[in-house]
Number of protein chains: 2
Amino acid sequence: MTDIKSGTNPLFLRTDEIMQAIELLFFAYRDFTGEPDELLAEYSFGRAHHRVIHFVGRHPGITVSELLLILRITKQSLSRVLGQLIREGFIRQTPGPVDRRQRLLKLTTKGQELDDKLFDVQRQRIVRAYKESGAEAVAGFRSVLLNMMEENDRKRFSR
Amino acid sequence: MTDIKSGTNPLFLRTDEIMQAIELLFFAYRDFTGEPDELLAEYSFGRAHHRVIHFVGRHPGITVSELLLILRITKQSLSRVLGQLIREGFIRQTPGPVDRRQRLLKLTTKGQELDDKLFDVQRQRIVRAYKESGAEAVAGFRSVLLNMMEENDRKRFSR
DNA sequence: ATTTTATGTCAGTCATGTTGACTTATCTAT
DNA sequence: ATAGATAAGTCAACATGACTGACATAAAAT
């Protein structure tokens, strides 16, 4: 409301622009997750498995609690998908060397292969979008998404 | 793989950058949907209801089939949430004036009020991100997301 | 020795997606 | 005029991935 009343409201903050942002996120995210979902279905896995594989792949040796903090789900929810991934040999647990209560999570070779495949389909879509938009647009994309997320998680992206 | 081998691989196409893009989308989308989800919970609604309210609000008089094409869900899935929204007085149906098989969907005043509230929480987050990033970054954000979605839906965003 | 923490598990529920089969009303084309 | 196609709705069964709550075990911290 403040913006609408103000006479100095920049073009990119008009109601119509904000509405478009909402839909851009909806359509882009829908298609961004579409291809991985198809691949995962071949393994009878879902998006939840993807997220676990992704973050374990990115952070080998991550603990269950750390994973829970990132994913913001309950341990019961995580337990189901993580249990499947472990039983089917995609993820391996090893006791923490310092704190033996911890279970450090790592991808097995099989898990690494699936991670690679999943990364590859997403990489192709992103590379295409990045190439078609150019380096400057990519910087803008990064900046807006960073500022859109909770401050707490922005640290992950500092370079 | 092609990119990795190539000597002319721009910085913004490196594996690490692509990986960050994947996580940027995950965290930003998670937080972008978090606040609306809380608001919806007060009405015992979920994200599915939000999407219906949003697209009916944006396209008054939209038909059920058009909505199905946008949302890419089955009519049985839509039926459940749409039925609730109609029974609880958030959406009104009127027979199509030309084709009387169609049910044209519109928000009621009550539906409009919820739509406004939902828009407002999302608007605040986007305005903040946009302001902190600047007009040029916003253009880049738009461009990358547009190129990330299926070509078919890009028409919606032409200006 | 006691308490806290990290993890796991059992049980039940909910939201939202799916497939498949079938109905009704209405429009379109022969 | 009638036959087929289309728009919408419904019933039933099922899967996934969230949730809450209660409880168990092992190891660390106090």
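Not measured: the values here are computed from a predicted model.
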Rounded interatomic separation in angstrom, taking CD from A:Q84 and C1' from D:dG17: 10 Å

Rounded interatomic separation in angstrom, taking CG from A:L68 and P from C:dT9: 14 Å

Distances under 3.5 Å only, N/O to N/O: pair up the protein atoms with those of nucleotides 26-30 of chain C.
residue : atom : partner : partner atom : Å
C:dT26  : O2   : B:R101  : NH1          : 3.4
C:dC27  : OP1  : B:R100  : N            : 2.8

Atom-to-atom span, CG of A:L82 to P of C:dA6 - whole angstrom: 17 Å

Pairs meeting criterion salt bridge (Lys or Arg N to Asp or Glu O under 4.0 Å) with involvement of residues 64-74 of chain B, two or more places apart: A:D31-B:R72, B:R72-B:D153

Residues that A:E113 engages under side chain to side chain donor-acceptor pair (under 3.5 Å), provided they are two or more places apart: none

Nucleotides 19-25 of chain D: protein proximity per nucleotide (B base, S sugar-phosphate only, - neither; heavy atom, under 4.0 Å): BBBB---

is_close_aromatic(A:F45, A:F90), centroid dist under 6.0 Å: yes

Sequence neighbours left out, cut at 3.5 Å: what donor-acceptor pairs do the side chains of residues 37-44 of chain A make with other protein atoms?
residue : atom : partner : partner atom : Å
A:D37   : OD1  : A:R47   : NE           : 3.4
A:D37   : OD2  : A:R47   : NE           : 3.3
A:D37   : OD2  : A:R47   : NH2          : 2.7
A:Y43   : OH   : A:K117  : NZ           : 3.0

Residue list, side chain to side chain donor-acceptor pair (under 3.5 Å) with B:E23, at least two apart or on another chain: A:H54

Closest heavy-atom pair and its distance - B:R51, A:F26: CD-CE1, 3.3 Å

By side chain to side chain donor-acceptor pair (under 3.5 Å) - contacts of A:R100 (at least two apart): none

Side chain to side chain donor-acceptor pair (under 3.5 Å) pairs, two or more places apart, involving residues 76-86 of chain B: B:H49-B:Q84, B:T74-B:S77

A:Q93 side-chain N/O to C:dG8 phosphate OP1/OP2 under 4.0 Å: yes

Spacing of A:R30 atom CZ relative to C:dG17 atom C1', expressed in whole Å: 15 Å

For A:Q124, side chain to side chain donor-acceptor pair (under 3.5 Å) partners two or more places apart: A:D120

Sugar-phosphate only, base, or nothing, as touched by B:E66 at under 4.0 Å among non-hydrogen atoms: nothing

Within residues 32-55 of chain B: residues closer than 4.0 Å to DNA chain D (heavy atoms): none

For B:R87, all residues meeting salt bridge (Lys or Arg N to Asp or Glu O under 4.0 Å), sequence neighbours excluded: none

Nearest-angstrom distance from the residue atom CG of B:L71 to P of C:dG17: 8 Å

Ring pair (Phe, Tyr, Trp, His ring centres under 6.0 Å) pairs, two or more places apart, involving residues 121-151 of chain B: B:Y130-B:F141

